[in-house]
A.B. asks: 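Questions regarding the structure given below will be posed in turn.
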4 protein chains.
Amino acid sequence: MTEKRRRRLPRQVREQQIIDVAVRVFSKRGYHAASVDEIAELAGISKPMVYLYLESKEGLFIACLRREAERLVAAFQGAAQGVVTPELRLRAGLRAFFSFVSEHRDGWVVLHRHAAELSEAIAAEAAQARRAVMAEVTDLVRAGIAESGGPARLGDEDAEFVAHTIVGAADSLTDWMAEHPAESPDGMTRRLMNMIWVGMRNVLDGETWTPPPPPPPS
Amino acid sequence: MTEKRRRRLPRQVREQQIIDVAVRVFSKRGYHAASVDEIAELAGISKPMVYLYLESKEGLFIACLRREAERLVAAFQGAAQGVVTPELRLRAGLRAFFSFVSEHRDGWVVLHRHAAELSEAIAAEAAQARRAVMAEVTDLVRAGIAESGGPARLGDEDAEFVAHTIVGAADSLTDWMAEHPAESPDGMTRRLMNMIWVGMRNVLDGETWTPPPPPPPS
Amino acid sequence: MTEKRRRRLPRQVREQQIIDVAVRVFSKRGYHAASVDEIAELAGISKPMVYLYLESKEGLFIACLRREAERLVAAFQGAAQGVVTPELRLRAGLRAFFSFVSEHRDGWVVLHRHAAELSEAIAAEAAQARRAVMAEVTDLVRAGIAESGGPARLGDEDAEFVAHTIVGAADSLTDWMAEHPAESPDGMTRRLMNMIWVGMRNVLDGETWTPPPPPPPS
Amino acid sequence: MTEKRRRRLPRQVREQQIIDVAVRVFSKRGYHAASVDEIAELAGISKPMVYLYLESKEGLFIACLRREAERLVAAFQGAAQGVVTPELRLRAGLRAFFSFVSEHRDGWVVLHRHAAELSEAIAAEAAQARRAVMAEVTDLVRAGIAESGGPARLGDEDAEFVAHTIVGAADSLTDWMAEHPAESPDGMTRRLMNMIWVGMRNVLDGETWTPPPPPPPS
DNA sequence: TATGAATGAGCGTTCATTCAT
DNA sequence: CATGAATGAACGCTCATTCAT
C-alpha cells in the first residue's frame, strides 16, 4: 500500500488544507457542480471533517471567498506600500493583480466569476468580497488623480466608472494572458497602462470625447 | 375544466418559447442550479416536450448559447452597417453592445458569465460563442486602425489585446450600469470611448507608456 | 424473474398504497427509525415517487396521522349513529375503539404513541389528531351524563378527566388485549364498562370517594 | 483560560451525571433523535467518556430505563410500607405514581412512551421494565381484593385487566395533569380512586355490567 | 482519567431522463 | 403532438463509534 497514512493534524492546519483544495475545485467546477465528496477526497480526509470544520458547503465556499479576497487586498496594499507617485501606485496595483492571477488563478475565478449560480446568502458575501477589491482600485484611482493635480470635483461616479473599466479590462486580459504564456505580469501591466492611463486622465479631468465630424463627401 | 387547453403549436414556435424561458432561468440560476422542471413549467409544457425538441439539458443550454451569440453578433453587424469612419464604427459597436445588454441582460449573462460551471462539452461551445463576439470586436479594432492610417504591421496580438481590454471593460461596466439606471447606452458609450480611444491609438501605433522618472529628492 | 412488473397506477391509488405501507412501517419502527427507503420498497415503487406525492418524510407522516385520525373518528361517529341512551352510546363508542385497534393496530400506534420523537411541526399535528379523538369521547361522556339526568353543573374539567381516564384505560388495555387474543371487542367493552360506568357516574354526580376510617386498634 | 477545568471525578459519580442528562435528552427527543453528542456536551464531558462508561447508545438508554424503573418501583414500595388496608394501599400507590410523574416526568416518558422506536434489544428491556411496574400495581390490586374479603377464585386475568386499566388511566391522566398545574398528586389520586374503586370491586367480585333494557316505546 | 481528531455507513432529498399511453 | 407516471444515480449532511495521544 503506497497509501499515505493520514496523520492527525491540528484543526488549523487541516482547515487550511481543506480550503486550499476547495478553492481549486470550486474554481474548476463552479459552486453547484463541485461536490463535497471530491473536495474531501482530494484533501485526503473524509467528508465529515469538512462539515466539522466548515459547517456546510456554503460555509466552505464563503471561507474560500474570504481568504482569497483577503489575499488579493493584501497584495494590493503591499504593492502600493512606499510608492509615492499616483501613476506608479496604479502600476504597482495592476502588477500585483496580474501577479496574483498568475499565481492564484483559481482564487480569482472563485472571487470573480460565480455570480450567476450562487444562493442569495452566498451572493451577498461574494458581492462584498468583490466590493472590497473594487474599493482598493477605486482608491488607487481617486488618490492618483487627486495627487496629480486633478480636479477637486472628482465625483465618486467617475472614479467608480474608471475602476470598473480597469478591473474589467484586467479581468478579461487574464484570459488573453492565459493564451500568451510568455507575457509576464510586468509586460501586461505596461501594455495596460499604455492603454488606459491617458484615457483615465481624460475622464477624470472631465474632458469628453466627441464624435468626429462626418468626413466631407468626395 | 376551466383550465386553458394548450393549443398545439408547430415545432419551431414551441422551440423558441422554450429557449426564451430557458435563457431567463439559466441566467437567474446558473446552469446547474437551473432545473428542467422549472423551465418546462414556466414554458407551460411538460418535460418530455423539452427533451423531444432539445435533446437534453446540455442541448438546451447550447441552443440558448447559440441564439444569444447570434443575436449579439447580428447587433454588432447591424450597427456597423453603413458607418464609414473607424472611430464611429467602434462607437456604433459599443452602443450596440450596451443596448443589447440593457435589453437582453439574461442573454449576456448566459453568454459570458457561466464559464466555471460548465461541462467540458458545453464549455467548448461557450468558448466558441465568446470567440465569435470577440472576433467582431477585434475586426472593428483592426479595421479601425488600418483605415485611419495606422501601421500596416499591426499584429494580431495587439488587436486582440485591445479587444480584450474593451470587451472586459464593457462587460464590467454592465455592472456599473446596473447601479446607475439613469445612464443610457449612448452615455455609456461616450464615457467608454473617452476612456479608451486615445489609449487604443497609442497601443496600436506602437507607442509605449514608460514609467515616469522618479521625482527629484527634495 | 418472478418480479411483478410495476403497473402504472393513477396518483390517488398509489398515494393510498404508500400511506398504507407507511402506517405499517412508522408503527413498527417509529418516526425516526423508519426509513423512506424501506417504505418505498415495501410499496413496490422508487423513492422519488414518495417525494413526488407526499412532499417529504414529514408530509408522509402527517398524511398517515390524518387518515388514521379520520378513520377512528368516523368509527366513533358511525357507532353512535342511532343509539339513543347515553350508556349504550358509550358502549358503542368503546366497542368501536376496540374494533378499530383490533383491525388497525398500526394506525392506533401511529396516532397515539409517538409523542416523544416528533419534530415540533409534526407534534402539533399529532396533538391535534389526538385532540380530535379525545373530543369525541368527551362528547360521549358529557352527552351521556346530561341525558341521564346528571347535574347541569357538569364542568368541562370533570368530563375531560373522565375522558382521559377512559381513553388511557382503553389504550393500555389494547396491550392486554394483544396478550389475550381470545378476547373480542365486545368482551373488552363489557369488561371495561363494568369497571368504569359506576365510577364515572360518581365523578360526574360530584360524589367523592373518601379514605375509610382507620381500622380500630385491636 | 478562564474556562473551568473539569475535575476528575470517580466513575460512579460521572456515570450518574451522564444518566441524569441522558434521561432528560431521551425524554425530550426520543431515542433515535437524541444524539450522543448532545448528551456528552450537556454532561460537560467528551464523547469517548460516554462510551467508556456506558458502552454504547443502547447501553446508555438501558441504564436510563433501569434506573427510572427502579426508582418508580421503590416509590411504590415505599408508599405501601406500613399501610394496612388494601384500599389505602392502592391510594398510596397511586399517589406515589402521580408524585413520581410530577417530579420525574422525563423518567416516566423514557419508561413508558418510547415503545415504537426501539431496537429489538432495547424493546425487550423496556418491556421488562414496564412489566416490573405493572407487577407492582397488579400485586396491589390482588392483595387488596384478597384481604378485603374478595373471592378466592380471583384470576390473574382479572387482576391484570384491572391493573392495565388503572395504569393506563393514570398514564393518560398525566397529560391531563400537565394541563391543570393546580392539581396536586393528592387531588389526582382522590379523583381517580373515586372513579375506579367501585368498578374495580365489581370486576374483581365477578359482577357484570349488562346493557340496560331498551327504553319503552312512547 | 480524558479528549481532539477522524471515519464508515446511511438517510432525506433532488434531478435529469425515460416509458407507456 | 402531448403527458402523467416512474426511476437510477448522486449529493448534502449527520451520527454512532473509534483511534492516538
Side-chain angles (χ1 to χ4, degrees), chain A residues 5-11 13-15 32-40 44-60, chain B residues 5-11 14 32-40 44-60, chain C residues 5-11 13-15 32-40 44-60, chain D residues 5-11 14 32-40 44-60:
Chain A
R5 274 260 129 248
R6 322 266 180 250
R7 267 180 288 120
R8 307 210 151 201
L9 296 180
R11 173 170 182 150
V13 178
R14 271 277 189 261
E15 218 170 297
H32 277 101
S35 91
V36 178
D37 262 312
E38 182 181 3
I39 292 169
I45 55 168
S46 68
K47 235 188 321 182
M49 291 298 306
V50 178
Y51 284 87
L52 184 58
Y53 288 159
L54 279 311
E55 296 282 321
S56 67
K57 192 185 185 183
E58 235 182 73
L60 175 54
Chain B
R5 281 258 130 247
R6 296 294 163 232
R7 266 176 291 122
R8 304 195 159 205
L9 295 180
R11 171 164 184 152
R14 271 276 191 266
H32 278 100
S35 88
V36 178
D37 261 309
E38 183 181 3
I39 292 168
I45 56 168
S46 69
K47 248 186 311 181
M49 291 297 296
V50 178
Y51 283 85
L52 182 60
Y53 288 158
L54 280 311
E55 293 280 318
S56 69
K57 192 185 185 184
E58 238 182 67
L60 174 53
Chain C
R5 272 260 129 249
R6 323 264 179 250
R7 266 182 287 123
R8 305 210 154 201
L9 296 181
R11 173 169 182 151
V13 178
R14 270 278 187 263
E15 218 169 298
H32 278 101
S35 92
V36 178
D37 262 312
E38 182 182 3
I39 292 169
I45 56 167
S46 68
K47 238 188 320 182
M49 291 298 304
V50 178
Y51 284 87
L52 185 58
Y53 289 159
L54 279 311
E55 296 283 320
S56 67
K57 192 186 185 184
E58 234 183 74
L60 174 54
Chain D
R5 281 256 131 249
R6 304 277 170 241
R7 266 177 289 123
R8 304 194 159 208
L9 295 181
R11 172 163 184 153
R14 271 273 190 266
H32 277 100
S35 88
V36 178
D37 261 311
E38 183 181 2
I39 292 169
I45 56 168
S46 69
K47 248 186 311 182
M49 291 297 296
V50 177
Y51 283 86
L52 183 60
Y53 287 158
L54 281 312
E55 294 280 320
S56 70
K57 192 185 185 185
E58 240 183 66
L60 175 54

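A note on names: the letters A, B, ... follow the listed sequences, proteins ahead of strands, and every chain is numbered from 1. This structure is a prediction, so every number in the text was calculated from the model and none was measured.
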A.B. asks: Nearest whole Å is fine: how far is E/dT3 P from D/Leu52 CG?
C.D. replies: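 After rounding, the reported distance stands at 11 Å.
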A.B. asks: Give the dot-bracket line for DNA chain F from 5' end to 3' end: parentheses for intra-strand Watson-Crick or G-U pairs under 3.5 Å, square brackets for crossings, | for inter-strand pairing, dots for unpaired.
C.D. replies: .||||||||||||||||||||
A.B. asks: Whole-Å distance between F/dA5 P and C/Glu15 CD?
C.D. replies: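 The distance from CD of C/Glu15 to P of F/dA5 comes to 10 Å, rounded to the nearest Å.
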A.B. asks: Which part of the nucleic acid does C/Arg11 contact within heavy-atom distance under 4.0 Å: base, sugar-phosphate only, or nothing?
C.D. replies: sugar-phosphate
A.B. asks: State, to 0.1 Å, how close C/Val36 and C/Lys47 come at their nearest heavy-atom pair, and which atoms those are.
C.D. replies: CG1-CG, 3.7 Å
A.B. asks: Do you know the tightest heavy-atom contact between B/His32 and B/Lys57?
C.D. replies: O-NZ, 3.5 Å
A.B. asks: Considering non-hydrogen atoms only, spot the tightest contact between D/Ser56 and D/Gly59 and give its length.
C.D. replies: OG-N, 3.0 Å
A.B. asks: Please report, rounded to the nearest Å, how far the C1' atom of E/dA20 is from the CE atom of B/Met49.
C.D. replies: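 To the nearest whole Å, that distance equals 17 Å.
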A.B. asks: Tell me whether the side-chain N/O atoms of A/Arg14 come closer than 4.0 Å to OP1 or OP2 in E/dG4.
C.D. replies: no
A.B. asks: Hey, what do you get for OH (D/Tyr53) to CD1 (D/Ile45), rounding to the nearest 0.5 Å?
C.D. replies: 8.0 Å
A.B. asks: Which atom names give the shortest non-hydrogen contact between A/Arg14 and A/Leu9, and what distance separates them?
C.D. replies: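 That would be NH1-CD1, 3.0 Å.
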A.B. asks: Return the value, rounded to whole Å, for the distance between atom CG of B/Leu54 and atom C1' of F/dA2.
C.D. replies: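 Going from CG in B/Leu54 over to C1' in F/dA2 covers 16 Å.
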A.B. asks: Treating primed atoms plus P, OP1 and OP2 as sugar-phosphate and everything else as base, which nucleotides of nucleotides 11-18 of chain E get B, S or - for protein heavy atoms under 4.0 Å?
C.D. replies: -BBBBSBB
A.B. asks: Do you know the tightest heavy-atom contact between C/Ser46 and C/Ala40?
C.D. replies: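 Residues C/Ser46 and C/Ala40, closest heavy atoms: C-CB, 4.0 Å.
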